[in-house]
There are 2 protein chains.
Amino acid sequence: MKSTAIALQTAEDSADTGAQQIRDAIRDAIVERRLSPGTKLSENDVGNLFNVSRTLARAALQALSYEGLVSVEKNRGAFVAYPSPEEARQIFAARRLVEPGILREAAARITPSQIQHLKQLLLEEGRLMGERGQTARRAEIKASGDFHLTLAAISGNAIMQRFMDELVARSSLVIALYGQSTISSCGHSEHGDIVAAIERNDLDEACRLMLHHIAHIEADLDLRERKSVGLKEAFEL
Amino acid sequence: MKSTAIALQTAEDSADTGAQQIRDAIRDAIVERRLSPGTKLSENDVGNLFNVSRTLARAALQALSYEGLVSVEKNRGAFVAYPSPEEARQIFAARRLVEPGILREAAARITPSQIQHLKQLLLEEGRLMGERGQTARRAEIKASGDFHLTLAAISGNAIMQRFMDELVARSSLVIALYGQSTISSCGHSEHGDIVAAIERNDLDEACRLMLHHIAHIEADLDLRERKSVGLKEAFEL
DNA sequence: GTGCAAAATATCGTATACAATTTAGCCGTC
DNA sequence: GACGGCTAAATTGTATACGATATTTTGCAC
């Protein structure tokens with residue numbers, strides 16, 4: 001198997017050049033659920049896949065481990081993160097904690113053209129929901145997260161934006177693991193409601209809706225401890 | 001110069017072994033202000049200082065760059081971060097955003113022994129304020145941050161705790177750069193007030209005090225744009 | 001055929017080596 | 001004396017190499 005999916009933006013200004021691209025490519029693959037939780041990411045394989053040395057592969061995996069998307073176990077290797085139910089709860093607790101604040105900040109600074117941009121996103125999201133197929137599903141997942149990330153971007157705080165990046169990405173992992181409903185991106189309409197509340201400047205309501213929205217996503221999860229079923233238990237009985 | 005200051009905790013379970021120690025050592029040096037913003041951290045020097053190869057030095061610097069304590073510029077090297085006034089504002093905005101929430105969560109779960117622990121910290125902090133000398137000053141800086149970090153730990157959310165780690169460390173950098181008053185750790189008494197409010201279960205007041213406290217720290221900063229004064233301007237006139 | 005021990009294999013941890021880029025010094029010209 | 005370009009030194013970017021640790025396989029005894 002040769003290098004399959006690269007094709008990302010050219011480059012940023014910071015960080016080491018090569019590793020960044022690999023990092024982003026893997027990150028996208030995880031967020032779009034082409035890579036399942038627990039999948040082993042050996043440095044050799046990653047390096048071969050992107051035609052770089054283990055050095056760069058390793059750097060990329062390290063970077064991903066800082067965001068919690070990959071867990072590296074000493075002398076054993078790197079794996080796509082497999083968040084525990086407790087971790088999942090903490091991720092959503094963190095989102096409940098920060099997203100209302102981000103929303104308030106964003107609403108305070110939002111411009112008409114940015115509102116337009118948000119609506120554009122919503123439209124796109126709705127369109128994807130109608131389509132069929134894996135690619136549409138993946139795009140939909142991404143679009144669903146993009147709504148929250150765009151709000152963070154509008155808030156104008158780069159630090160919170162980066163944090164939300166991490167939280168949204170990890171949320172995607174959690175949903176992949178524990179999500180029940182087939183509807184991957186829950187409550188598209190809820191996004192619309194939030195925008196509407198922002199537009200009529202009803203911040204308290206917007207925050208309430210945001211919290212409701214997050215709770216709604218979380219409610220779709222089945223966070224019972226799974227005892228790594230891959231063993232004989234799966235076949236007994 | 002040989003290896004000077006190591007002596008940290010032995011090891012953790014995750015991440016690569018060696019780089020972690022170096023990372024922590026440099027991190028401590030930055031937070032305690034033994035390393036000034038803008039100081040160049042060449043991979044060679046770091047490696048020599050800790051008697052490891054550039055590989056590990058590089059990994060440590062990369063890790064620090066993810067926390068925003070070090071900025072690596074492509075093909076130019078790594079430097080102790082020199083946060084811009086805008087960055088400084090965002091750091092404190094982020095703290096105002098998350099710390100009340102963390103405080104509420106912590107207060108809801110806090111046990112008597114943890115309250116005791118907090119008071120212990122306060123005592124230690126007060127003791128250090130009385131002492132003289134660089135080492136006492138450094139310990140005081142660390143203790144001041146530890147109060148906020150302990151609260152995050154008590155909240156029981158590992159994700160928020162890690163985020164606070166980053167925010168507190170970066171705050172230390174900002175204060176080193178833009179702080180005016182000689183009193184490095186402002187408002188020790190404010191920490192005490194917060195604990196008191198928690199103890200009598202007055203959460204709203206505790207949050208109010210926390211926000212006031214953060215604002216107080218920020219008010220001591222002089223966040224005017226400094227046009228990299230290292231040039232001729234410093235000598236003209 | 002099952003269970004354990006030991007070699008073989010795969011994979012990670014770290015160091016070293018080489019290529020590419022930037023920075024500093026030098027020299028000649030204007 | 002100041003400016004511009006050229007060469008040399010220093011520093012980073014990436015690859016390869018070697019030793020250490022974990023995993024799998026093999027072989028043998030029971």
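Note on naming: letters A, B, ... go to the chains in the order of the sequence lines (proteins, then strands), and numbering restarts at 1 for each one. Predicted model only: the values in this text are computed from it and were never measured.
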Measure the distance from [atom1] on [X] to [atom2] on [N] and round it to the nearest whole Å.
X      : N       : atom1 : atom2 : value
R54(A) : dT16(D) : CZ    : P     : 12 Å
E73(A) : dG13(C) : CD    : P     : 11 Å
K40(B) : dT22(C) : NZ    : P     : 13 Å
Q21(A) : dG13(D) : CD    : P     : 14 Å
L56(B) : dC12(C) : CG    : C1'   : 13 Å
L61(A) : dC12(C) : CG    : P     : 8 Å
Q62(B) : dT12(D) : CD    : C1'   : 11 Å
E43(A) : dT11(C) : CD    : P     : 11 Å

(request) Tell me what T55(B) touches on the nucleic acid: a base, only sugar-phosphate, or nothing, going by heavy atoms under 4.0 Å. (result) base
(request) Please list, chain by chain and in numerical order, all residues satisfying side chain to side chain donor-acceptor pair (under 3.5 Å) with R54(A), sequence neighbours excluded. (result) E43(A)
(message) Among residues at least two apart in sequence or on other chains, which ones pass side chain to side chain donor-acceptor pair (under 3.5 Å) with E124(B)?
(response) R127(B)
(message) Can you tell me if R58(A) touches the phosphate of dG13(C), counting only side-chain N or O atoms and a distance under 4.0 Å to OP1 or OP2?
(response) yes
Could you run down the sub-3.5 Å N/O contacts of the protein with nucleotides 20-23 of chain D?
from	atom 1	to	atom 2	distance (Å)
dT23(D)	OP1	R76(A)	NH1	2.1

(request) Name all pairs fulfilling the side chain to side chain donor-acceptor pair (under 3.5 Å) condition that reach into residues 152-161 of chain A, sequence neighbours left out, sorted by first residue then second. (result) none
(request) For the side chain of V52(B), starting at C-beta, report the closest nucleotide among dT12(D), dC12(C), dA15(C). (result) dA15(C)
(request) Can you tell me which residue pairs pass the ring-ring contact (aromatic ring centres under 6.0 Å, His included) test with a partner in residues 150-174 of chain B, sequence neighbours excluded? (result) F163(A)-F163(B)
(request) Return each pair, listed once, that meets salt bridge (charged side-chain N to carboxylate O under 4.0 Å, His left out) where at least one residue sits in residues 144-164 of chain B; pairs must be two or more places apart or across chains. (result) E166(A)-R162(B)
(request) Look at R170(B) together with E87(B) and state whether they make a salt bridge at an N to O cut-off of under 4.0 Å. (result) yes
(message) Is a donor from one side chain sitting under 3.5 angstrom from an acceptor on the other, for Q116(A) and Q120(A)?
(response) no
